[in-house]
2 protein chains.
Amino acid sequence: MKSTIIVNIKKYRATGIKLTPQRLAILEYIDGNKNHPSAENIHEAVSRKYPMMSLATVYKTLETLKHRGHISELSIDPKRRRYDPDTKPHHHLICITCKQIIDIEAELSLSIPDELKEGFEITGNHVEFYGICSKCRSR
Amino acid sequence: MKSTIIVNIKKYRATGIKLTPQRLAILEYIDGNKNHPSAENIHEAVSRKYPMMSLATVYKTLETLKHRGHISELSIDPKRRRYDPDTKPHHHLICITCKQIIDIEAELSLSIPDELKEGFEITGNHVEFYGICSKCRSR
DNA sequence: GTTACTGCAAAGCTTTTGCATCCCT
DNA sequence: AGGGATGCAAAAGCTTTGCAGTAAC
């Protein structure tokens with residue numbers, strides 16, 4: 001266990017940001033997290049270990065990590081921003097009933113007909129698939 | 001011109017909602033609008049003609065229209081909700097520099113490999129293409 | 001020793017709500 | 001006439017900001 005922590009500190013040091021206990025707790029929580037948590041989710045979870053953790057610090061840290069490209073911000077939820085530690089291009093599958101969001105790691109080669117490109121130089125894409133999960137369907 | 005207004009009132013009456021001057025002004029403004037306006041945008045625009053228009057009324061009307069399926073809500077902009085009078089499935093092309101949003105009306109046949117579907121029944125999808133528009137590129 | 005992060009509180013935005021009044025249908 | 005829409009103001013989120021104190025480098 002101790003060695004895991006050491007490995008992680010090394011990894012987190014590689015982000016280049018100044019490491020504080022608060023930031024380590026945030027990095028530890030979001031690392032590999034597949035729940036697309038909001039700032040409030042992160043604050044709530046991390047507060048259990050570090051009760052002093054302030055929500056403002058969470059927001060400021062997320063902003064820093066986003067600018068350095070270590071996390072990405074999702075505009076999937078109209079009510080609040082969600083964050084994703086996976087910065088590789090990927091897509092999302094959303095249950096329209098329970099709102100859960102699942103990663104889709106498949107490569108989808110998408111292209112727009114030239115005549116619709118309006119002179120844009122396309123740099124990326126993101127697909128949201130909508131559907132009903134099996135749990136919601138069985139109700 | 002007068003006949004156009006009559007035609008439009010007929011069309012708007014078909015929405016089934018109770019028509020008030022405020023609602024007509026909102027419907028007229030968003031009808032065919034390609035700017036994906038926010039509630040504030042709509043309020044600002046409509047206020048020029050109807051200074052009494054309240055922002056709360058705009059929100060309530062948009063909520064009503066959304067529930068009846070006459071407009072759709074976009075989660076593209078993390079700062080505020082935007083609305084789209086086009087409820088047919090379509091996609092969006094977003095300039096990462098100036099943030100303008102353009103409709104892409106093309107049919108894109110997208111599918112997820114079964115093994116990644118997690119038991120979901122897929123009902124729809126929405127693609128965001130990112131790029132740089134020609135105006136931004138020439139700077 | 002500097003630089004910059006933290007926590008708090010306040011402020012800023014967007015969106016929602018309660019309620020009395022008013023107006024479509 | 002009745003039900004629902006309007007406008008106002010207040011409240012309720014979510015997110016940002018300023019600042020004094022403190023910790024990482």
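Sequence lines set the chain letters: A, B, ... in the order given, protein chains first and strands last, and positions in each chain run from 1.
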Quiz item: Using a cut-off of 4.0 Å between protein heavy atoms and nucleotide atoms, how would you tag nucleotides 11-21 of chain C 5' to 3' with B, S and -?
Solution: ---SBBBB---
Practice problem: Over all heavy atoms of both residues, which pair between B:Tyr29 and B:Val46 is shortest? Give the atoms and the distance, please. | Solution: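 Nearest heavy atoms, B:Tyr29 then B:Val46: CB-CG2, 3.9 Å.
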Between atom [atom1] in [X] and atom [atom2] in [N], what is the gap in whole Å?
X       : N      : atom1 : atom2 : answer
B:Tyr50 : D:dG7  : OH    : P     : 12 Å
B:Leu27 : C:dC24 : CG    : P     : 15 Å
B:Leu19 : D:dG4  : CG    : P     : 15 Å
B:Lys18 : D:dT6  : NZ    : P     : 9 Å
B:Met52 : C:dC22 : CE    : C1'   : 11 Å

Under 4.0 Å: is that the gap between some side-chain N or O of [X] and OP1 or OP2 of [N]?
X       : N      : result
A:Ser54 : C:dT6  : no
B:Thr61 : D:dT6  : yes
B:Gln22 : C:dC23 : no
B:Arg13 : C:dT25 : yes
B:Arg23 : C:dC24 : no
B:Thr20 : C:dC24 : no
B:Thr57 : D:dA5  : no

Report, one line per pair, each donor and acceptor closer than 3.5 Å where one atom sits in a side chain of residues 110-117 of chain B; sequence neighbours left out.
{"from": "B:Asp114", "atom 1": "OD1", "to": "B:Lys117", "atom 2": "NZ", "distance (Å)": "3.0"}

Self-check item: Test applied, side chain to side chain contact (heavy atoms under 4.5 Å, CB included); reference residue, B:His70; option that passes from B:Ile30, B:Leu27, B:Leu65
Solution: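 In the set B:Ile30, B:Leu27, B:Leu65, the residue that makes a side chain to side chain contact (heavy atoms under 4.5 Å, CB included) with B:His70 is B:Leu65.
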Exercise. Rounded to 10°, tell me the angle between the two end axes of the helix from C:dG1-D:dC25 to C:dT25-D:dA1, each built from five pairs.
Key: 50°
Quiz prompt | Parallel, tilted or perpendicular: rings of A:His91 and A:His126 (30°, 60°) | solution = parallel
Practice problem: Answer with yes or no whether the side chains of B:Asn41 and B:His36 bring together a donor and an acceptor at under 3.5 Å. | Solution: no
Practice problem: Starting from the C-alpha separation in whole Å, work towards a yes-or-no answer on side-chain contact (heavy atoms from CB on, under 4.5 Å) for A:Gln100 and A:Ile94. | Solution: CA-CA 6 Å; A:Gln100 70 166 306; A:Ile94 302 156; over 6 Å; no
State, with a plain yes or no, whether a side-chain heavy atom of [X] is found less than 4.5 Å away from one of [Y].
X       : Y       : answer
A:Thr64 : A:Arg23 : yes
B:His90 : B:Asp84 : yes
B:Arg80 : B:Glu40 : no

